[in-house]
Amino acid sequence: MPELPEVETVRKGLIPALEGRLLARVETRREGLRWPFPQNMADDMTGARVLRLRRRSKYILIDLDNGMTALIHLGMSGRILIDKAGERDDTATYYDAFTPLEKHDHVVLWTDQDTRIVFNDARRFGAMDLFETATAGDHPLLKPIGPEPLGNTFDEPYLASALAMRNTPIKSALLDQKIVAGLGNIYVCEVLWRAHISPKRKAKNLSAKRAGSLVPIIRDVLSEAIEAGGSSLKDYRQTDGELGYFQHNFAVYDRENQPCRTADCTGNIARIVQSGRSSFYCAKCQR
DNA sequence: CTGCACGCCTGCCCGC
DNA sequence: TGCGGGCAGGCGTGCA
């Protein structure tokens, strides 16, 4: 699902609901998702105050004032929704004043501001962890990840040299989180179309100039998608339940057999499978 | 070390 | 209407 723009949109949506708030109650409704949750995760989060929300690649990091950080990954189908408590009588606690939880609602946070945050993930490829904030840099999921594409260390010389080593299709190389963080299948397809580079081209066979040209394109595609609130295909939603709308701007993703949108190009979009994943591209203008 | 197939899950869509 | 097959935004594991 969610690639960097979707995760960033979720993070931004969570900020007003979580930053500075006390976690009044935390409930895990199953033992884990992709991996088991840490022992006592819910108890260890309860009563802590949220200092700030960060994002690293496709991971949301929730720094708490008890020295711990919670990590959330949305996998393919994860979504996080925010609800406000409804009407209630004087004797009821506010926990009772929400709509009933639904299938696949796996983790629920309640803050001290009549707010409920629900992590729902039908396919359970998502993950959640809790660890000491000081050890975040050594976390096995975070440590191997390459530079943030919207950050200062991601530049033309870096990407050109990183790709020059790789004897794999550029499509696969850009999906490799060690080369650049946060890209997934949709945005790699879109980036390669804008760059007029075939997804089949070997990464090491790109000139330094063409490899470097990917840097501003990656930045542009991701920035535009964040601006649009991400892309909603099926599962993904913003934290208020709204769809993202960058899917309306796709040039190639899920457009098999439709006309290429490159100016003056008469090609049609093709779908091929690389490393078990669909690549959409125009064989006429992507070389 | 690199590159790649596989498996993890549920749900939806399509063809028969 | 039902059923089987294929497909889906990710990524760690294990193999050659």
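Note on naming: letters A, B, ... go to the chains in the order of the sequence lines (proteins, then strands), and numbering restarts at 1 for each one.
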Enquirer: I'd like to check the side-chain hydrogen bond (donor to acceptor under 3.5 Å, both in side chains) partners of A:R123; sequence neighbours left out, ordered by chain and number.
Expert: none

Enquirer: Within the 4.5 Å heavy-atom criterion, are A:R11 and A:R55 side-chain neighbours or not?
Expert: yes

Enquirer: How long is the line joining CZ of A:F246 and P of C:dG9, in whole Å?
Expert: 16 Å

Enquirer: When you compare B:dC9 with C:dG14, how far apart are their P atoms, in angstrom units rounded to a whole number?
Expert: 16 Å

Enquirer: Please confirm whether the shortest side-chain N or O distance from A:S231 to OP1 or OP2 of C:dG9 is below 4.0 Å.
Expert: no

Enquirer: Consider only side-chain N and O atoms of A:D96 and A:T93, and report whether a donor and an acceptor are under 3.5 Å apart.
Expert: yes

Enquirer: Apart from A:L142 itself, what residues make up its hydrophobic cluster, given side-chain heavy atom links below 4.5 Å?
Expert: A:W35, A:Y59, A:L61, A:L71, A:F131, A:L141, A:I145

Enquirer: Please list, chain by chain and in numerical order, all residues satisfying salt bridge (charged side-chain N to carboxylate O under 4.0 Å, His left out) with A:R210, sequence neighbours excluded.
Expert: none

Enquirer: Sequence neighbours left out, cut at 3.5 Å: what donor-acceptor pairs do the side chains of residues 15-33 of chain A make with other protein atoms?
Expert:
unit_1, atom_1, unit_2, atom_2, d
A:E19, OE2, A:L53, N, 2.9
A:R21, NE, A:D112, OD1, 2.9
A:R29, NH1, A:D105, O, 2.9
A:R30, NE, A:G32, O, 2.9

Enquirer: Not counting sequence neighbours, which residues clear side-chain hydrogen bond (donor to acceptor under 3.5 Å, both in side chains) with A:W110? List them please.
Expert: none

Enquirer: Between protein and nucleotides 11-16 of chain C, map the contacts as a letter string: B base, S sugar-phosphate only, - none, heavy atoms under 4.0 Å, written 5' to 3'.
Expert: BS----

Enquirer: In whole Å, what is the span from the CD1 atom of A:I72 to the P atom of C:dG10?
Expert: 18 Å

Enquirer: The criterion is side-chain hydrogen bond (donor to acceptor under 3.5 Å, both in side chains); which residues satisfy it with A:Q247, sequence neighbours excluded?
Expert: none

Enquirer: Let me know the distance between CG of A:L174 and P of C:dG9, rounded to the nearest Å.
Expert: 16 Å

Enquirer: Just how far, in rounded Å, is P of C:dA8 from CG of A:D121?
Expert: 18 Å

Enquirer: Can you tell me which residue pairs pass the ring pair (Phe, Tyr, Trp, His ring centres under 6.0 Å) test with a partner in residues 264-287 of chain A, sequence neighbours excluded?
Expert: A:Y253-A:F280

Enquirer: Looking at A:F154, is its backbone amide N or carbonyl O close enough to the side chain of A:R219 to form a donor-acceptor pair, meaning the two atoms are under 3.5 Å apart?
Expert: yes

Enquirer: For Watson-Crick and G-U wobble pairs within 3.5 Å on both distances, what is DNA chain C written in dot-bracket notation, | included for inter-strand pairing?
Expert: .|||||||.|||||||

Enquirer: Expressed as a whole number of angstroms, how long is the span from A:I186:CD1 to C:dG9:C1'?
Expert: 5 Å

Enquirer: Would you say the side-chain atoms of A:D240 pair up with the backbone N or O of A:L81, donor to acceptor, closer than 3.5 Å?
Expert: no

Enquirer: For the C1' atoms, the ones on C:dG9 and on B:dG3, what distance do you get once it is rounded to whole angstrom?
Expert: 23 Å

Enquirer: Which comes earlier along DNA chain B counting from the 5' end, the contact point of A:Q274 or that of A:A122, where each point is its nearest nucleotide?
Expert: A:Q274

Enquirer: Is the ring of A:F125 stacked on the base of C:dG10, with centres less than 5.5 Å apart and planes under 30° off?
Expert: yes

Enquirer: Relative to the 5' end of DNA chain B, which residue comes earlier, A:R124 or A:S172, by the nucleotide with the nearest heavy atom?
Expert: A:S172

Enquirer: Which parts of residues 159-167 of chain A get close to DNA chain B, meaning a heavy atom less than 4.0 angstrom away?
Expert: A:R166, A:N167

Enquirer: Taking any atom closer than 4.0 angstrom to a non-hydrogen atom of chain A, what span of DNA chain B does the protein reach, first nucleotide to last?
Expert: B:dG3 to B:dC12

Enquirer: When all nucleic acid strands are considered with a 4.0 Å heavy-atom cut-off, which category describes A:K103: base, sugar-phosphate, or nothing?
Expert: sugar-phosphate

Enquirer: Using OP1 and OP2 only, check whether a side-chain N or O of A:Y253 sits under 4.0 Å from C:dG9.
Expert: yes

Enquirer: Using the rule that two of Ile, Leu, Val, Met, Phe, Trp, Tyr join whenever any of their side-chain heavy atoms come within less than 4.5 Å, decide whether A:F250 and A:I217 are in one cluster.
Expert: yes

Enquirer: Name every donor-acceptor pair, under 3.5 Å, that has one atom in a side chain of residues 179-188 of chain A and the other anywhere in the protein, sequence neighbours excluded.
Expert:
unit_1, atom_1, unit_2, atom_2, d
A:N185, OD1, A:K171, NZ, 2.8
A:N185, ND2, A:S278, O, 3.0
A:Y187, OH, A:E6, OE2, 2.6
A:Y187, OH, A:S231, OG, 2.7

Enquirer: Could you check how far CG of A:L74 sits from C1' of C:dG9, rounded to whole Å?
Expert: 10 Å

Enquirer: Measure the shortest side-chain to side-chain distance between A:H139 and A:D129 over non-hydrogen atoms and say whether it is less than 4.5 angstrom.
Expert: yes

